[in-house]
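Questions regarding the structure given below will be posed in turn.
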Amino acid sequence: MNGRITTASLDDPLYYLANFETVVHWVATHHGDLLTYDERTRLDRLQSLSQAARALLVRLVMRSGELFRLSKLNYPELGVPESEALDELAADGWTEDDPELAIDELFRLLTVAECRHALAPILADCGLPRAASKKAMLTDCLELAPAPRRFTDWWPDTDDRLVALHHMALFDRIRLMFFGNLRQSWSDFVLVELGHHQYETVPFTPDSRAFQQREAVDRYLLMQACRDRLEGGEPPADIWPDIPARDDSNPWLESRRGRLLMELGRQADRQGDAELALAAWSDSGHREARLRHLRLLERQGRHQEAWDIALSAQAEPRGDGEAQGLERLMRRLARKVDQAPPERPKRPSIPEMHLTLPQPAAASVEWAVLQDLDSEQTPVCYVENTLINGLFGLLCWPALFAPLPGAFFHPFHIAPADLHREDFVSRRQALFDDCLAALDSDEYKDRIRRTWGEKHGITSAFVAWPALSEPVLELALHCIPAADLKLIFQRLLRDLRDHRSGLPDLIRFHPEQARYDLIEVKGPGDRLQDHQIRWLEFCLAHDIAVSVCYVRWQEAD
DNA sequence: ACCCGACACTCACGC
DNA sequence: TCTCGCGTGG
DNA sequence: GCGTGAGTGTCGCCACGCGAG
Ligand SMILES: [Mn+2]
Ligand SMILES: [Mn+2]
């Protein structure tokens, strides 16, 4: 069982309150040690509120922003007037009446007509045309940098009431501790009730949770704040000093930090701050950061420096994407630093096919080629990664959803939390070995079919159910030899993140000969991506039939 | 499993 | 007047 | 013309109602 976390029925008009209280209760009981005394007592005070007040509070928490006009709150299910519930929330410090707000916040709350009316005096000074857009009005007003004012001071003759929600940081923190991320939210409960999502039931105990230390939660939130500022357009140089220092004791957070630095470097580079970009990228553990770092050095003409770093990077490439990138880079650099260019590993050339097709009105190139190649004897499917990933996800279901400590901690996982950790496979080695061993006999077919039946519809990071219909599954099991699947799955397991993409667009089955071939479609102006090349070359090396189909459009006359 | 990832499409460069 | 994008809610 | 490196856009429930333009 998943602890005692259940989703409230949507027949309950206050379903959202029930879900919210489920989360708060779970966090308060099992993560209490990660909360401060103040936070715990603040949460305790929820219980002294009336049900209507709690429900309204939850409504506000679920909505975006922290400022709300009473006229925009319409919740008949509360059973009492919203203003009454608001009074109660304000009395207990959950909200603040008639708060001070900056002019841009005011703009977000008022319609154009209201802005024109409320800000008539200010706008008159700006000399704006009567029909100026909201954006223009705001930029002009911002020039004047007016001090924040209370809502009723901005707009004295309003009939409305404005409230500010407090303690939003606490609610975000709770959501983060519960889900282990800020992407998921209260609405996940609803999506389950609606049947849009069905999650695998993995047993987990109350002690399995996303965070073990408050300090880690703080780091997460700190980095998230940096990310938000970056997205808000703040200069990266201003954000840089606020990024927490490297800490390899938590690989999960360190990889998040790496991604943040990657993005910060991108912004810095774009704005011409090369030194900052270099600093950010060299401190980032992101898979692509080192290459970006090297290419910037190259652009700056610091060839020798780049060459030396590239040499050492080559000894420990961060995945084969980087290895491929390093090879290209060093081929360019070699001339500049007067070194022998790296040996060009002899690559088998990838078989090509060229088609000239009438351009379909709406459908994509892939569909056009599919239609052209499809026949009774050779059914073609447009599957990209979904077929191989799906077969892998089905065969390895028990390993992927194994209840390892820390892998699952709430009922809404599409994959184990440590899927992209370095030691993901090794922690489950015996389980994966067992799954792959089933490929040594026909047993894998039964296992895959059984899982397909038992788990159908349950969300998994590897199984896209709509793409994996029974006929497609049967064709695949019939036409793809177990030996091929084993090779392919072994490659997947070598790097689950990098190798789960880049598979060719189409698969053509030849049921009579129990064989298949994979076809990557390229329309005019498209080209093979690196990871696509890597899959194609892997297949060639293992005698799996692949080709690239280049399409030209027929001249219309 | 983090405003992402996985595609194709687009523009821009240096040789 | 209609179209588009966004926030909301089940 | 090529090979290469970047950046952009789309989609991930779906129906609704509002506000901006
Ligand atoms: Mn494709
Ligand atoms: Mn393609």
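On a predicted model such as this, the values are computed, not experimentally measured, just so you know.
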- prompt: Whole-Å distance between D:dC16 C1' and A:L194 CG?
  reply: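 Going from A:L194 (CG) to D:dC16 (C1'), I get 15 Å.
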
- prompt: When the distance from CG of A:D498 to P of B:dG5 is rounded to whole Å, what number comes out?
  reply: 11 Å

message: Please confirm whether the shortest side-chain N or O distance from A:N385 to OP1 or OP2 of B:dC7 is below 4.0 Å.
response: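 Result: yes.
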
- line: Within residues 213-234 of chain A, those residues having any heavy atom closer than 4.0 Å to DNA chain C are none

Candidate pair A:D160 and A:S71, rule side-chain hydrogen bond (donor to acceptor under 3.5 Å, both in side chains), full reasoning: CA-CA 6 Å; A:D160 214 343; A:S71 62; 2.5 Å; yes

- prompt: Between A:K522 and B:dA8, does any side-chain N or O lie under 4.0 Å from OP1 or OP2?
  reply: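 Looking at the OP1 and OP2 atoms of B:dA8, one of them is under 4.0 Å from a side-chain N or O of A:K522.
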
- prompt: The side chain of A:V190 lies closest to which of these nucleotides: D:dG21, C:dG10, B:dA8?
  reply: C:dG10

query: Taking the side chain from A:R500 and the backbone from A:A461, do they hold a donor-acceptor pair closer than 3.5 Å?
result: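 Yes: the side chain of A:R500 pairs with the backbone of A:A461.
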
message: Just N and O in the side chain of A:Y75: are any of them under 4.0 Å from OP1 or OP2 of C:dG9?
response: yes

field: Residue pairs fulfilling salt bridge (Lys or Arg N to Asp or Glu O under 4.0 Å) with at least one residue in residues 455-465 of chain A, sequence neighbours excluded
entry: A:E200-A:K455

task: Report which part of the nucleic acid A:Q532 touches: base, sugar-phosphate, or nothing (heavy-atom distance under 4.0 Å, all strands).
output: sugar-phosphate

- prompt: Please give, in whole Å, the distance from D:dT4 C1' to A:Q324 CD?
  reply: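 From A:Q324 CD to D:dT4 C1': 12 Å.
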
- request: Looking at every strand, decide which applies to A:L182 at a 4.0 Å heavy-atom threshold: base, sugar-phosphate, or nothing.
  value: nothing

- request: Kindly state whether the ring of A:F204 and the ring of A:F408 have centres lying under 6.0 angstrom apart.
  value: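 Centroid distance A:F204-A:F408: not below 6.0 Å, so no.
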
query: Under 3.5 Å, is there an N or O donor on one side and an acceptor on the other linking the side chain of A:R59 and the base of C:dG7?
result: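 There is none.
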
field: Sugar-phosphate, base or nothing in reach of A:A417, heavy atoms under 4.0 Å
entry: base

query: Taking the side chain of A:R292 as heavy atoms from C-beta outward, which of D:dG19, B:dC7, D:dA6 is closest to it?
result: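 So the nucleotide nearest the side chain must be D:dA6.
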
message: Counting only side-chain nitrogens and oxygens, does A:R266 get under 4.0 Å of the OP1 or OP2 atom of D:dA6?
response: no

message: So that I can tick it off, tell me whether A:D498 and A:R491 are bridged by a salt bridge, with the cut-off set at under 4.0 angstrom between side-chain N and carboxylate O.
response: no

statement: Whole-Å distance, A:L264 CG to B:dC3 C1', equals 15 Å

- request: Output yes when at least one side-chain N/O atom of A:H197 is less than 4.0 Å from OP1 or OP2 of D:dC13, else no.
  value: yes

task: Select base, sugar-phosphate, or nothing to describe what A:E366 touches, counting heavy atoms under 4.0 Å on all strands.
output: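 Answer is sugar-phosphate: A:E366 comes under 4.0 Å of backbone atoms only.
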
- prompt: Out of D:dG5, C:dG9, D:dG19, which has the shortest distance to the side chain of A:R63?
  reply: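 From the listed options, C:dG9 comes nearest.
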
field: Rounded distance (Å) that lies between atom P of C:dG9 and atom CZ of A:F189
entry: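 The distance from CZ of A:F189 to P of C:dG9 comes to 18 Å, rounded to the nearest Å.
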
task: For D:dG5, take OP1 and OP2 only and decide whether either is under 4.0 Å from a side-chain N or O of A:R332.
output: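 Checking D:dG5 against A:R332, a side-chain N or O does come within under 4.0 Å of OP1 or OP2.
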
message: If the cut-off is 4.0 Å, is A:R183 near the phosphate of B:dC4, judged by side-chain N/O to OP1 or OP2?
response: no

A:Y199-A:H197 aromatic ring centre distance below 6.0 Å: yes

- request: Confirm from the modelled atom types if A:R331 and D:dT4 form a donor-acceptor pair under 3.5 Å, side chain to base only.
  value: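 Donor-acceptor pair under 3.5 Å: no.
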
- prompt: Is the phosphate of B:dC7, meaning OP1 or OP2, less than 4.0 Å from a side-chain N or O of A:H531?
  reply: yes

message: If the cut-off is 4.0 Å, is A:R259 near the phosphate of B:dG5, judged by side-chain N/O to OP1 or OP2?
response: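 Answer is yes, contact under 4.0 Å.
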
Under 4.0 angstrom between A:Y16 side-chain N/O and C:dG10 OP1 or OP2: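 A:Y16 to C:dG10 OP1/OP2: no side-chain N or O under 4.0 Å.
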
field: A:K336 side-chain proximity, nearest of C:dG10, D:dT4, B:dC15
entry: B:dC15

- prompt: A:S501 side chain: which of B:dC7, C:dT8, B:dG5 is closest?
  reply: B:dC7

message: Whole angstroms only, please: what is the CG-P distance between A:L260 and B:dC3?
response: 14 Å

message: Can you see if the side chain of A:Q529 gets near the phosphate of B:dA6 - specifically, an N or O under 4.0 Å from OP1 or OP2?
response: no

message: Is there a side-chain contact between A:K135 and the phosphate of D:dG19, meaning an N or O under 4.0 Å from OP1 or OP2?
response: no

- prompt: Taking OP1 and OP2 of C:dT8, is either one under 4.0 Å from a side-chain nitrogen or oxygen of A:S64?
  reply: yes

query: What is the distance, rounded to the nearest whole Å, between atom CZ of A:R497 and atom P of B:dG5?
result: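 Rounding to the nearest Å, CZ of A:R497 and P of B:dG5 are 7 Å apart.
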
query: Under 4.0 angstrom, heavy atoms only, what part of the nucleic acid is A:E520 near: base, sugar-phosphate, or nothing?
result: sugar-phosphate

- prompt: How far, in whole Å, is D:dG5 from C:dG9 if one measures between their C1' atoms?
  reply: 44 Å

Criterion ring pair (Phe, Tyr, Trp, His ring centres under 6.0 Å) against A:F189, the qualifying member of A:Y16, A:F412, A:Y15: A:F412

message: Less than 6.0 angstrom separating the ring centers of A:H410 and A:F179, yes or no?
response: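 They qualify: ring centres under 6.0 Å apart.
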
